[in-house]
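One structure is given below, encoded as structure tokens.
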Amino acid sequence: MFQKVKGFQDIYGNDLLYWSKAENALKKLVDLFAVEEIRIPILERTQVFSRGIGDATDIVEKEMFTFADRDGEYLSLRPEGTAGTVRAYIENKLYEPPVLKKLYYMGPMFRRENPQRGRYRQFSQFGTEYLGSKSALCDADLIKLFVSFYAEVGLGGFAHLEINTVGCPKCRPAYKEKLVAYLSQYEDQLCADCKKRLYKNPLRVLDCKVETCKAVTKNAPLMIDNLCEECDVHFSDLKKYLALLDVEYAINPYMVRGLDYYERTAFEMVTDKLGAASALGGGGRYDGLVKLLGGPEIPAVGFAIGMDRVVAMMKMVQELTDKKPLVYVVVFEGRSTDAGVEILNKLRHLNISAEIDYDIKGLKSQMKKAGRSGAKYAVIVGEDELSRGNVTFRDMYNSSQNEITMEEMYKIIQADK
Ligand code: HAM
């Protein structure tokens, strides 16, 4: 017997009801916000990610599924959707004509992380990217779409939006120096990972969850207090537009996203209900990425929702039950089977969900199956009743049954549709 690969999952049964509900909510929202779909490959040249996401990020450094193809070229399973979307945007010249392009995608992503609750090696993201606007209103309207989704699937009260600004290439270098100077004084108190981060990616020290690191960063200089004029205005505008759009938020000046392409706006939907996997989704502005990947200078902002975590949360706070057939048709060998198949066919034409036992075992066995199917009615097509143009009609919920005409049977069922 084979077992699935570590960190991968089979999704089936009742769980898919939650997936469908979430996907339907997304479909409704992308229509409302006029966002168009894009389907991008699962496999890209490794450089799309290493350059796009950043060499010094955890994702690129240690989490990608990368292999050399037969011709020696390095390929990687996509760990996220933004870099690939931007690659496709440039390659297909989607920036012509120069209007705002609003794209969404949904599908599997792969990161070789340590699997735990809410953290898998294959997981699903729903992502949205708005390419072509620098305006804070664009950020705010995209964030409105983001938060609307959680409300739509009933998670509004169980998670909250955090926002931050991570500066830009103009103000960040000076801030970084300030931060490194501060952190260096406490280097011996930092965890092993943060000691490395201090030189490679010092901002990441700010959102380390280790207590000793948290104690150090408590008084660290923050980006939000060291912004250039433009970033400062952008952040103020963002807050203004979020308020106008009725989006509630908390400012978390310690939030640093795990991907290097962000500038200015950063945001996450967080919950305390999933242990370490606290982010149900996140995003931000990435004005430099299109150029970095070889395209023109085009600003952009986007987000990705972690669908597996959303589904895990939905399962905690609401119960969805499987759809049952309304009718189970019970038949016997011979004429009864033919008549039963005709009834089954007619019910489906009337848009009524119905099932039959393909193996035609005895009455007792079929009634058991009818019970297990959850059907409300059983239509028992007995030879005797059939010769009178009737069937035995059983209400499975209150265990009452009587012989009625075919017409009556269709009438009752249709009234209950
Ligand atoms: P991210 O924060 O790396 O952002 O991932 C977005 C969401 O994906 C996370 O908040 C989380 O819910 C989910 N996620 C990440 N890793 C895992 C995992 N191993 N197992 C389960 N769920 C996971 C991005 O990926 C950016 N591309 C978002 C973005 C789009 N920024 C701009 N545009």
Side-chain angles (χ1 to χ4, degrees), residues 6-9 11 22 35 38 40 44 48-49 52-54 57-60 62-65 77-89 101-131 138-139 142-143 145-147 149-150 153 155 159-164 166 204 207 255-271 273-290 292-293 299-314:
K6 181 176 169 187
F8 287 62
Q9 340 163 55
I11 304 173
V35 187
I38 185 163
I40 48 168
E44 297 272 0
V48 171
F49 305 119
I53 299 168
T57 56
D58 284 353
I59 297 179
V60 171
K62 48 190 184 200
E63 293 172 0
M64 283 209 295
F65 284 94
L77 291 178
R78 61 182 188 190
E80 57 106 53
T82 309
T85 301
V86 169
R87 196 268 313 135
Y89 177 79
K101 202 82 188 153
K102 294 155 80 179
L103 303 170
Y104 80 86
Y105 50 84
M106 156 119 183
M109 306 293 163
F110 304 84
R111 294 183 194 176
R112 209 173 181 290
E113 296 189 76
N114 269 338
Q116 50 176 285
R117 185 161 164 234
R119 183 160 289 141
Y120 309 101
R121 290 186 171 181
Q122 180 183 330
F123 58 98
S124 201
Q125 277 188 350
F126 173 90
T128 299
E129 316 290 351
Y130 285 6
L131 300 115
C138 179
D139 304 25
L142 174 106
I143 292 174
L145 165 59
F146 179 67
V147 296
F149 166 71
Y150 299 94
V153 294
L155 296 183
H160 70 277
L161 175 72
E162 289 186 350
I163 64 168
N164 191 21
V166 293
R204 291 290 303 176
D207 77 345
M255 183 208 303
V256 185
R257 306 265 306 124
L259 308 99
D260 277 356
Y261 48 59
Y262 292 114
E263 289 181 25
R264 298 190 173 160
T265 311
F267 56 92
E268 273 179 356
M269 200 67 176
V270 291
T271 180
K273 294 211 157 9
L274 278 181
S278 60
L280 296 181
R285 179 160 278 286
Y286 51 93
D287 290 346
L289 187 58
V290 181
L292 186 70
L293 291 182
V301 59
F303 67 74
I305 291 168
M307 298 299 286
D308 305 74
R309 293 184 188 176
V310 164
V311 165
M313 280 285 289
M314 286 169 75

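All ligand and atom numbering here is 1-based and tracks the order in the structure. When reading the values below, keep in mind they use all heavy atoms of this one structure, side chains included, and skip hydrogens, waters and symmetry mates.
Backbone and side-chain nitrogen or oxygen atoms of Glu80 are examined, and one is located within less than 3.5 angstrom of a nitrogen or oxygen of ligand 1. Of the N or O atoms in Arg119, none lie within a sub-3.5 Å distance of an N or O in ligand 1. The distance criterion of under 3.5 Å between nitrogen or oxygen atoms is met by Ala279 with respect to ligand 1. Between Gly81 and ligand 1, a contact under 3.5 Å exists for no N or O pair. Polar contact check, Tyr120 against ligand 1: a nitrogen or oxygen pair lies under 3.5 Å apart. Close N/O approach between Glu129 and ligand 1 is found [any backbone or side-chain N/O within under 3.5 Å].
Within the listing of ligand 1, atoms 10 (O), 12 (O) sit less than 4.0 angstrom from a heavy atom of Gly281. Against a heavy-atom cut-off of under 4.0 Å, Ala304 is close to the following atoms of ligand 1: 6 (C), 7 (C), 28 (C), 29 (C), 30 (C). Less than 4.0 angstrom separates some heavy atom of Tyr286 from each of these atoms of ligand 1: 32 (C), 33 (N). Shown in contact with Tyr262 at under 4.0 Å from a heavy atom are these atoms of ligand 1, numbered in order with element: 26 (C), 28 (C), 29 (C), 31 (N), 32 (C). Within ligand 1, the atoms closer than 4.0 Å to a non-hydrogen atom of Gly283 are 31 (N), numbered from 1 in the order shown. If you number the atoms of ligand 1 from 1 as listed, the ones under 4.0 Å from a heavy atom of Glu113 come out as 16 (N), 17 (C), 18 (C), 19 (N).
Separating the CZ atom in Arg121 from the NZ atom in Lys6 is a distance of 5.0 Å, to the nearest 0.5 Å.
Only the backbone of Leu280 comes within 4.0 Å of ligand 1, judged by heavy-atom distances. With a 4.0 Å cut-off on non-hydrogen atoms, Phe303 touches ligand 1 through its backbone and not its side chain. At a heavy-atom distance under 4.0 Å, no atom of Met269 approaches ligand 1. At a heavy-atom cutoff of 4.0 Å, ligand 1 is contacted by no atom of Glu268, backbone or side chain. Of the heavy atoms in Tyr261, only side-chain atoms (C-beta onward) come closer than 4.0 Å to ligand 1.
Residue-ligand proximity: Asp308 is placed with every non-hydrogen atom at 4.0 Å or more from ligand 1. Taking a 4.0 Å cut-off on heavy atoms, Gly118 registers as neighbouring ligand 1. Within the structure, ligand 1 lacks Met109 among the residues with a heavy atom less than 4.0 angstrom away. Not a single heavy atom of Gly127 sits under 4.0 Å from any atom of ligand 1.
The pair Arg111-Glu80 does not meet the salt-bridge criterion, since no charged nitrogen lies less than 4.0 angstrom from a carboxylate oxygen.
Within 6.0 Å of atom CZ in Arg119, more than 12 heavy atoms from other residues, nucleotides or ligands are found, so the atom counts as buried in its surroundings.
At the top of the distance list for atom 14 (N) of ligand 1, counting protein heavy atoms only, stands Phe123 CE1, 3.5 Å. Nearest protein neighbour of atom 13 (C) of ligand 1, counting heavy atoms only, is Gly306 CA, 3.6 Å. The protein heavy-atom contact nearest to atom 5 (O) of ligand 1 is Gln125 NE2, 3.2 Å.
The closest non-hydrogen atom to atom 22 (N) of ligand 1, taken over Arg121, Gln122, Arg309, Arg257, comes from Arg309.
The closest side-chain donor-acceptor pair between Gln125 and Tyr105, if any, does not fall under 3.5 angstrom. The closest side-chain donor-acceptor pair between Thr82 and Tyr261 falls under 3.5 angstrom.
Below 30°, between 30° and 60°, or above 60°: for Phe146 and Phe303 the angle between ring planes is between 30° and 60°, a tilted geometry.
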